[in-house]
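We're numbering straight along the sequence, starting at 1.
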Amino acid sequence: NKDSILIGNSAGDSTMGNSGSRNILLGKESGKLIENGNDNILVGNSTGIALVDNINNILVGNSAGEKLVNNDSVMIGYNSGYNSTKQNLFLGTYSGYNMTGVNNIILGNNLLNISNISALVDKNINNNIFIGNDAGIESDGNDNVCIGEGSGILDTGSRSVSIGNYTTSNNKYSSKDITLQTTGYNVNVGYLAGKELISGTRSINIGAGAGQKNNQDDNICIGYKTGNSVTGTKNIFFGNNSGENTNGNNNIGIGINTLVGLVDDTTIASDNVSIGYQAGMHIKSNNNICIGTDSISKYTIFTLLNFKGTT
């Protein structure tokens, strides 16, 4: 027992006369069975009481990692990882309480079952990331990412991504439902996506700069700078720069540079459908259908005007 700190009744009892070193054990019976384990930090009564020759664990909170018999785990919170025996990262009250698998990351409190926590069925699942209170606590799958309160709580599949409160929760939160509201319900993913979308509602912006300067409702912009400065509502743009600088409503642009407007041009162009590379680019009228590369774009318009001038 070298370079260790032991404080509390029976804390690190078994390290005496053994080679375990550099351990910090604070709390009644914390690390009481450690003999040759090194570099463990245990803070709280009954933390890590099953560790013997294990190393590099950080357990903080009464009974955190109480049954742990592995290395390199982090369990922080009251009863965090209580039934866990393997390497995991848990943060929150009762976080990972019933997780017996390995390589899981759980950040959030286990609150839904707090009144009857011992009744939780152990889950031997692996390689999951659960972020949010109660996220994934009763799920059965592996390799899932669930982000949001209660997200993935009843998910039985594997290799899924669920983002948002109560996603894949089935009937666990029966009182939760979509309610009518004048702002919110937006999805923004990517650098500067939906940057100015602070009071609009039901819009989806995915991609760097997608919908960056739009604060309207019901737009879908997917791709680099799609709908970047669109001013209208109910537009759908798919493809890099599609719908950038467009003024108008009810437009559909699919393809790179479709329905791109001119900077500082305030002309309204609504109810257009453009499909294809640069289709409908710089269009300034309504109710058009443009299908094909450069169809009804600044390039084809220039060509038509030039042809007319030579006849």
Legend entry - side chain to side chain contact (heavy atoms under 4.5 Å, CB included) between Y173 and N165, intermediate numbers included: CA-CA 10 Å; Y173 298 90; N165 290 348; over 6 Å; no
Distance-only, no hydrogens or angles: does the [X] side chain make a donor-acceptor pair with backbone N or O of [Y] under 3.5 Å?
{"X": "N219", "Y": "G232", "result": "yes"}
{"X": "N113", "Y": "A119", "result": "no"}
{"X": "N205", "Y": "Q212", "result": "no"}
{"X": "T183", "Y": "S199", "result": "yes"}
{"X": "D264", "Y": "L262", "result": "no"}
{"X": "N228", "Y": "N241", "result": "no"}
{"X": "T226", "Y": "G223", "result": "yes"}
{"X": "N79", "Y": "Y94", "result": "no"}
{"X": "T267", "Y": "K284", "result": "no"}
{"X": "N36", "Y": "N18", "result": "no"}

Find out whether [X] and [Y] are in side-chain contact, i.e. whether some heavy atom of one side chain is under 4.5 Å from a heavy atom of the other.
{"X": "N144", "Y": "S139", "result": "no"}
{"X": "L68", "Y": "M75", "result": "yes"}
{"X": "I137", "Y": "F130", "result": "no"}
{"X": "N83", "Y": "L120", "result": "no"}
{"X": "L91", "Y": "V74", "result": "no"}
{"X": "D177", "Y": "Y166", "result": "no"}
{"X": "T293", "Y": "Q278", "result": "no"}
{"X": "Q216", "Y": "N235", "result": "no"}

Inset, instruction - Could I get the full list of ring-ring contact (aromatic ring centres under 6.0 Å, His included) partners for Y82, not counting sequence neighbours? - result: Y97
Judged by modelled atom types alone, do [X] and [Y] share a side-chain donor-acceptor pair under 3.5 Å?
{"X": "N56", "Y": "N71", "answer": "no"}
{"X": "D271", "Y": "N286", "answer": "no"}
{"X": "N126", "Y": "N103", "answer": "no"}
{"X": "N247", "Y": "T231", "answer": "yes"}
{"X": "S73", "Y": "N70", "answer": "no"}
{"X": "S46", "Y": "S63", "answer": "no"}

Nearest 0.5 Å please: distance from the [atom1] atom of [X] over to the [atom2] atom of [Y].
{"X": "N245", "Y": "H282", "atom1": "CG", "atom2": "NE2", "answer": "8.0 Å"}
{"X": "N104", "Y": "S95", "atom1": "CG", "atom2": "OG", "answer": "11.5 Å"}
{"X": "S242", "Y": "N257", "atom1": "OG", "atom2": "CG", "answer": "8.0 Å"}
{"X": "N215", "Y": "T201", "atom1": "CG", "atom2": "OG1", "answer": "10.5 Å"}
{"X": "N62", "Y": "N45", "atom1": "CG", "atom2": "CG", "answer": "4.5 Å"}
{"X": "N240", "Y": "T258", "atom1": "CG", "atom2": "OG1", "answer": "10.0 Å"}

For [X] versus [Y], what's the shortest heavy-atom pair and its separation?
{"X": "S151", "Y": "I147", "answer": "OG-N, 3.4 Å"}
{"X": "G92", "Y": "S80", "answer": "O-CB, 3.8 Å"}
{"X": "A64", "Y": "G77", "answer": "CB-O, 3.8 Å"}
{"X": "R202", "Y": "D218", "answer": "NE-OD1, 2.7 Å"}
{"X": "S285", "Y": "A269", "answer": "O-CB, 3.5 Å"}
{"X": "G207", "Y": "A193", "answer": "O-CB, 3.5 Å"}

Inset, instruction - Could you please spell out the steps behind the side chain to side chain contact (heavy atoms under 4.5 Å, CB included) verdict for L259 and I283? - result: CA-CA 7 Å; L259 291 176; I283 200 167; 3.7 Å; yes
Among the clusters formed by ILVMFWY side chains lying less than 4.5 Å apart, do [X] and [Y] turn up in the same one?
{"X": "I7", "Y": "I41", "value": "yes"}
{"X": "L89", "Y": "I76", "value": "yes"}
{"X": "I222", "Y": "V187", "value": "yes"}
{"X": "I129", "Y": "L107", "value": "yes"}
{"X": "I131", "Y": "F90", "value": "no"}

Inset, instruction - Taking atom OH of Y191 as the centre, report whether more than 12 heavy atoms of other residues, nucleotides or ligands fall under 6.0 Å from it. - result: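 At most 12 heavy atoms, drawn from other residues, nucleotides or ligands, come within 6.0 Å of this atom.
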Legend entry - OH/Y224: more than 12 non-hydrogen atoms of other groups inside 6.0 Å: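 Not more than 12 within 6.0 Å, no.
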Inset, instruction - Apply the test side chain to side chain contact (heavy atoms under 4.5 Å, CB included) to residues Y78 and N109: give CA-CA distance (whole Å), side-chain angles for both, the deciding distance (0.1 Å), then the verdict. - result: CA-CA 10 Å; Y78 177 71; N109 301 314; over 6 Å; no
Inset, instruction - Verify side chain to side chain contact (heavy atoms under 4.5 Å, CB included) between M281 and D294, making sure each step is shown before the conclusion. - result: CA-CA 7 Å; M281 188 175 185; D294 292 326; 5.9 Å; no
Legend entry - Worked check of salt bridge (Lys or Arg N to Asp or Glu O under 4.0 Å) between K172 and D134: CA-CA 11 Å; K172 201 70 175 180; D134 299 314; over 6 Å; no
Legend entry - Of S4, S19, S21, the residue whose pairing with N38 passes side-chain hydrogen bond (donor to acceptor under 3.5 Å, both in side chains): S21
Inset, instruction - Please determine if D13 and K32 form a salt bridge, counting it only when a charged side-chain N lies under 4.0 Å from a carboxylate O. - result: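 The answer is no: the pair does not qualify as a salt bridge.
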Inset, instruction - Look at D39 together with R22 and state whether they make a salt bridge at an N to O cut-off of under 4.0 Å. - result: yes
What side-chain donor-acceptor pairs closer than 3.5 Å can you find for residues 152-164, not counting sequence neighbours?
{"residue": "D155", "atom": "OD1", "partner": "G157", "partner atom": "N", "Å": "3.0"}
{"residue": "S158", "atom": "OG", "partner": "N142", "partner atom": "N", "Å": "2.9"}

